[in-house]
Amino acid sequence: MGLTYFKRFRMEFDLTGPMMDKAVTPSGYELVPFSDELLRDHATAKYRSFREELDANVFPCLARRDGCLSLMREITGRISFVPEATWLVHYRPTRSTRAEPVGTIQGLQLEGWGAIQNVGVSPEHRGRGLGSILLARAARGFRAAGLTQMHLEVTTDNTAAVRLYERLGFRRAQVVYKAAEVAGV
């Protein structure tokens, strides 16, 4: 194990200006607002989204099912948790199949800002606009909670995510470094 520093962008979005486009949810997908009964589904979607991604090195809990469940409990247990900015995407290709959790986003209110904790979509469901839909719903949830700005952090090497955020109107505001213990370093 060795200490590695990951370069990350803090990206910000002004909630007082024009909002992100309301994309249409693709057929077979359902956007579900937060409820306590869906905590495990959020954790499952988070695990499926991040387990093999770079962020699992930065935040090792994302590489484990139990770590994702613990993280969801920690996020939703905070006084600063914003349920209106927390959404889940279920995939159900037919009415007779069980809904599968494939995307999640969580929001907190920190120092007067809406703070996205994680936005993730399972790799096999990417490219359908689900990340954009989740971010737009979170933005509307933060605005409904009376917030005027929101932010998130993204590892700079995650170029697809950086491009998505910039396309949606986020701007790079700051470079931050996250220290993490990484095996094989």
Could you tell me if the side chain of [Y] sits less than 4.5 Å from the side chain of [X], heavy atoms only?
X      : Y      : result
Ser132 : Leu164 : yes
Tyr165 : Val154 : yes
Val175 : Phe9   : yes
Leu31  : Leu134 : yes

Candidate pair Leu62 and Arg51, rule side chain to side chain contact (heavy atoms under 4.5 Å, CB included), full reasoning: CA-CA 6 Å; Leu62 295 174; Arg51 66 183 170 199; over 6 Å; no
NZ/NE/NH1/NH2 to OD/OE distance under 4.0 Å, Glu12 and Arg172: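 Answer for the salt bridge query: no.
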Heavy atoms only: give me the nearest [X]-[Y] pair and the separation to one decimal.
X      : Y      : result
Ser49  : Gly120 : OG-C, 3.2 Å
Arg48  : Pro123 : O-CD, 3.3 Å
Ala145 : Val82  : CB-CG1, 4.2 Å

Residues forming a side chain to side chain donor-acceptor pair (under 3.5 Å) with Thr16, sequence neighbours excluded: Asp14
Under the side chain to side chain donor-acceptor pair (under 3.5 Å) test, residues paired with Arg40 that sit two or more places apart: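 Once residues adjacent in sequence are excluded, Arg40 has no partner under the side chain to side chain donor-acceptor pair (under 3.5 Å) criterion.
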Residue pairs passing the side chain to side chain donor-acceptor pair (under 3.5 Å) test where at least one lies in residues 75-86, sequence neighbours excluded: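 Output for this query lists Glu74-Arg78.
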Selection residues 112-127 - residue pairs positive for side chain to side chain donor-acceptor pair (under 3.5 Å), sequence neighbours left out: Tyr29-His125, Lys46-Asn118, Glu53-Arg126
With clusters defined by side-chain heavy atoms of hydrophobic residues (ILVMFWY) lying less than 4.5 Å apart, directly or transitively, does [Y] cluster with [X]?
X      : Y      : value
Val24  : Val121 : no
Ile75  : Leu110 : yes
Leu147 : Met20  : yes
Tyr47  : Val89  : no

Rounded to the nearest 0.5 Å, what's the gap from [atom1] on [X] to [atom2] on [Y]? Could you check?
X      : Y      : atom1 : atom2 : value
Asp41  : Ser35  : CG    : OG    : 9.0 Å
Leu168 : Arg163 : CG    : CZ    : 12.5 Å
Met72  : Thr44  : CE    : OG1   : 10.5 Å
Leu71  : Asp66  : CG    : CG    : 11.5 Å
Leu130 : Trp87  : CG    : CH2   : 14.0 Å
Leu152 : Leu135 : CG    : CG    : 7.0 Å

Phe34 ring center near Phe81 ring center (under 6.0 Å): yes
is_close_aromatic(Phe170, His151), centroid dist under 6.0 Å: no
Transitive ILVMFWY cluster of Val32, excluding itself - 4.5 Å side-chain cut-off: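 Noted: Val32 shares its cluster with Leu38, Leu88.
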Where at least one partner belongs to residues 137-162, residue pairs that pass salt bridge (charged side-chain N to carboxylate O under 4.0 Å, His left out), sequence neighbours excluded: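 Every salt bridge (charged side-chain N to carboxylate O under 4.0 Å, His left out) pair that includes a residue of residues 137-162, provided the two are not neighbours, is Arg8-Glu153.
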Whether Thr156 side chain and Lys7 backbone form a donor-acceptor pair below 3.5 Å: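 Yes; at least one donor-acceptor contact below 3.5 Å.
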